[in-house]
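Below: the structure, in structure tokens.
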Amino acid sequence: MKTRLLSLLVAITVIATLFAGGAIAATDPPVELIFTSVSVTGDSHTNAMHVFADKVAELSGGTVTCRVYSDGTLFTQENELDALMSGSAMGGADLAYLSFPTLATQNGLEWLSMIGSGYFWKNYAMMTGVLNGDIGREYIWSAVEANMNLHCFGAFYLGSRVMNTVNKEINSYADMAGVLLRMPNSQTWLQLGEALGGNPTPLSFSELYTALSTGAVGAQDNPLPTIKTASFYEVTKYVAITNHVVDSIVPSMNRDTWNSLTEAQQKAVTDAMELARQANDTERQELESSTIAFLEEKGLTVTYPDINDFRTHVQAVYAAHPEWTAAWNMDVYNLIQAEADKY
């Protein structure tokens, strides 16, 4: 009798858990989501899209399914935001990854440009702890959602940017003097290049390999995996682990789509996205570690400058240019920086 009662209690507990997690939602209307990205096949962000698609179907009891379009096959990077704002019901998309520089181009969100400034984040733990915690939800995602037709799910790790040079070994901030540093052609990026102590040179990514090989530029900065995938290791000799920008992307959903979901479906989508984030971040960090070994095998010298030295100098340059920070929300900036000691 006791065994039967125990079995019954276990069964009731399992069923209750499934209902609470949104896994059983047979009465919910079926929904098919469109998830678009320019990330390439095999990239951790693309892999995370498939994790999301599998998990949201599982957690919603099959009432929410997701079609994944990576490699820019559905929308280009230039059209992605408009597609997301429109939603699939209007021929667009329901889900996409957005960058902070893209969000900062929107009216009322210009202050988000501060998140891409040098050494805004102390490390990965601080970035994910803040953006995927209470401060992120209360101050950042709420601001985005107040200004755009979006629902944000936090931040996925994109990578920490490092310095990759042709002929000059970087062991300290002083070594950056005179370095022709390629940067994307936007004011925020060029300011970062100057703050890093180099001579920033605007250049499109598609031209960068040739520019490095000919000496038109002497350095570029990107996350470690990009040095491998773009074959920059073929035309450079040094990598300095400066980690000057801990970068992230923002998985976002069209708000009309979000509001059309039932409460159980919203929970299933949220939980599936969190599982996708964990898969992405783990894979991304493992890839960064393995890339260092790969680059050393290819003959590159990897150095580890004093990051505190870099941070002090970089932030001093920003402080010396108040016009660079005029659009920043200093209340939120100071609130976030006060969190650094926790990490």
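One is the number of the first residue; the rest follow in order along the sequence.
Although no hydrogens or angles enter the test, the distance criterion places a donor-acceptor pair under 3.5 Å between the side chain of Ser142 and the main chain of Glu138. Counting only distance, with no hydrogens or angles, the side chain of Thr303 and the backbone of Ile170 share a donor-acceptor pair below 3.5 Å. Counting only distance, with no hydrogens or angles, the side chain of Arg255 and the backbone of Glu145 share a donor-acceptor pair below 3.5 Å. One N or O on the side chain of Thr325 and one on the backbone of Pro322 form a donor-acceptor pair closer than 3.5 Å. With hydrogens and angles ignored, the 3.5 Å screen pairs a side-chain donor or acceptor of Asn280 with a backbone N or O of Tyr157. Counting only distance, with no hydrogens or angles, the side chain of Asp71 and the backbone of Thr41 share a donor-acceptor pair below 3.5 Å. A distance-only check finds a donor-acceptor pair linking the side chain of Gln266 to the backbone of Trp258 [under 3.5 Å]. A distance-only check finds a donor-acceptor pair linking the side chain of Asn254 to the backbone of Leu84 [under 3.5 Å]. A donor-acceptor contact shorter than 3.5 Å is absent between the side chain of Asn334 and the backbone of Asp331. No donor-acceptor pair closer than 3.5 Å links the side chain of Thr312 to the backbone N or O of Phe310.
For the 3.5 Å distance criterion, the side chains of Tyr209 and Glu234 qualify, holding a donor opposite an acceptor. A donor atom on one side chain and an acceptor atom on the other are found under 3.5 Å apart for Arg277 and Thr128. For the 3.5 Å distance criterion, the side chains of Arg182 and Thr201 fail to qualify, holding no donor opposite an acceptor. Between Asn164 and Gln220, the side chains place a donor N or O and an acceptor N or O closer than 3.5 Å (distance only, hydrogens not considered). For Thr257 and Ser260, the side-chain atoms include no donor-acceptor pair closer than 3.5 Å. Between the side chains of Tyr124 and Asp281, a donor-acceptor pair is found at a separation under 3.5 Å. Using modelled atom types and a 3.5 Å distance limit, the side chains of Asp309 and His313 yield a donor-acceptor pair. Between the side chains of Ser39 and Thr46, at least one donor N or O lies within less than 3.5 Å of an accepting N or O. A donor-acceptor contact under 3.5 angstrom links the side chains of Thr63 and Gln265, judged on distance only.
Annotation: the span from Asp247 atom CG to Leu158 atom CG amounts to 4.5 Å, rounded to 0.5 Å. Considering CD of Glu169 and OH of Tyr238, their distance stands at 5.5 Å, rounded to 0.5 Å.
Looking at every heavy atom in both residues, Ala327 comes nearest to Trp111 through O-CB, 3.0 Å. In terms of heavy-atom proximity, Val56 sits nearest to Ala272 at N-CB, 3.5 Å. When all heavy atoms are compared, the tightest approach of Leu203 to Ala211 is CD2-CB, 3.4 Å. Between Ser60 and Ala57, the closest heavy-atom pair is OG-O, 3.5 Å. Minimum interatomic distance between Val51 and Ala279 (heavy atoms only, all atoms of both residues): CG2-CB, 4.2 Å. Between Cys66 and Phe35, the shortest heavy-atom distance links the atoms SG-CB, 3.6 Å.
The number of heavy-atom neighbours closer than 6.0 Å to CD of Gln77, taken from other residues, nucleotides and ligands shown, is 12 or below. No more than 12 heavy atoms of other residues, nucleotides or ligands shown are found within 6.0 angstrom of OH on Tyr139. The local environment of CG in Asp134 is sparse, with at most 12 non-hydrogen atoms from other residues, nucleotides or ligands closer than 6.0 Å. Within 6.0 Å of atom CE in Met90, 12 or fewer heavy atoms from other residues, nucleotides or ligands are found, so the atom counts as exposed in its surroundings. Heavy-atom contacts from other residues, nucleotides or ligands closer than 6.0 Å to CD of Glu323 number more than 12.
Using bins of under 30°, 30° to 60° and over 60° for the plane-to-plane angle, the ring pair His151/Phe153 lands in the perpendicular bin. Using cut-offs of 30° and 60° on the angle between ring planes, the pair Tyr119 and His244 is perpendicular.
Counting heavy atoms from C-beta outward, Leu295 and Ile227 have side chains that approach closer than 4.5 Å. You'll find the side chain of Lys168 reaches within 4.5 Å of the side chain of Val179, heavy atoms only.
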**Q.** Test log, rule ring-ring contact (aromatic ring centres under 6.0 Å, His included), inputs Phe205 and Phe232
**A.** CA-CA 11 Å; Phe205 187 85; Phe232 293 148; 5.7 Å; yes
Q | Criterion ring-ring contact (aromatic ring centres under 6.0 Å, His included) on Tyr233 and Phe294, from CA distance to verdict | A | CA-CA 10 Å; Tyr233 63 87; Phe294 171 85; 5.1 Å; yes
Q: List the steps, then state whether side-chain contact (heavy atoms from CB on, under 4.5 Å) holds for Gln191 with Gln187.
A: CA-CA 6 Å; Gln191 289 169 353; Gln187 184 179 29; 3.3 Å; yes
Q) Do Asn79 and Thr76 pass the side chain to side chain donor-acceptor pair (under 3.5 Å) test, and can you show the C-alpha distance, the side-chain angles, and the key distance before you say yes or no? A) CA-CA 5 Å; Asn79 296 328; Thr76 65; 3.1 Å; yes
Q: Any chance you could lay out the side-chain contact (heavy atoms from CB on, under 4.5 Å) test for Val162 and Asn243, step after step, and finish with the verdict?
A: CA-CA 5 Å; Val162 300; Asn243 294 341; 3.7 Å; yes
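Considering Thr270, Val269, Asn259 in turn, Val269 is the only one that fulfils the side-chain contact (heavy atoms from CB on, under 4.5 Å) rule with Met253.
Note on Glu274 versus Lys55: no salt bridge recorded, every NZ/NE/NH1/NH2 to OD/OE distance being 4.0 Å or above. A salt bridge links Arg67 and Glu32; the closest N-O separation between the charged side-chain nitrogens and carboxylate oxygens is under 4.0 Å.
No cation-pi contact links Lys122 to Tyr343, judged by a cut-off of 6.0 Å to the six-membered ring centre and 45° from its axis.
Using a 4.5 Å cut-off between side-chain heavy atoms of Ile, Leu, Val, Met, Phe, Trp and Tyr, with links allowed through other members, Met273 and Met127 fall into different hydrophobic clusters.
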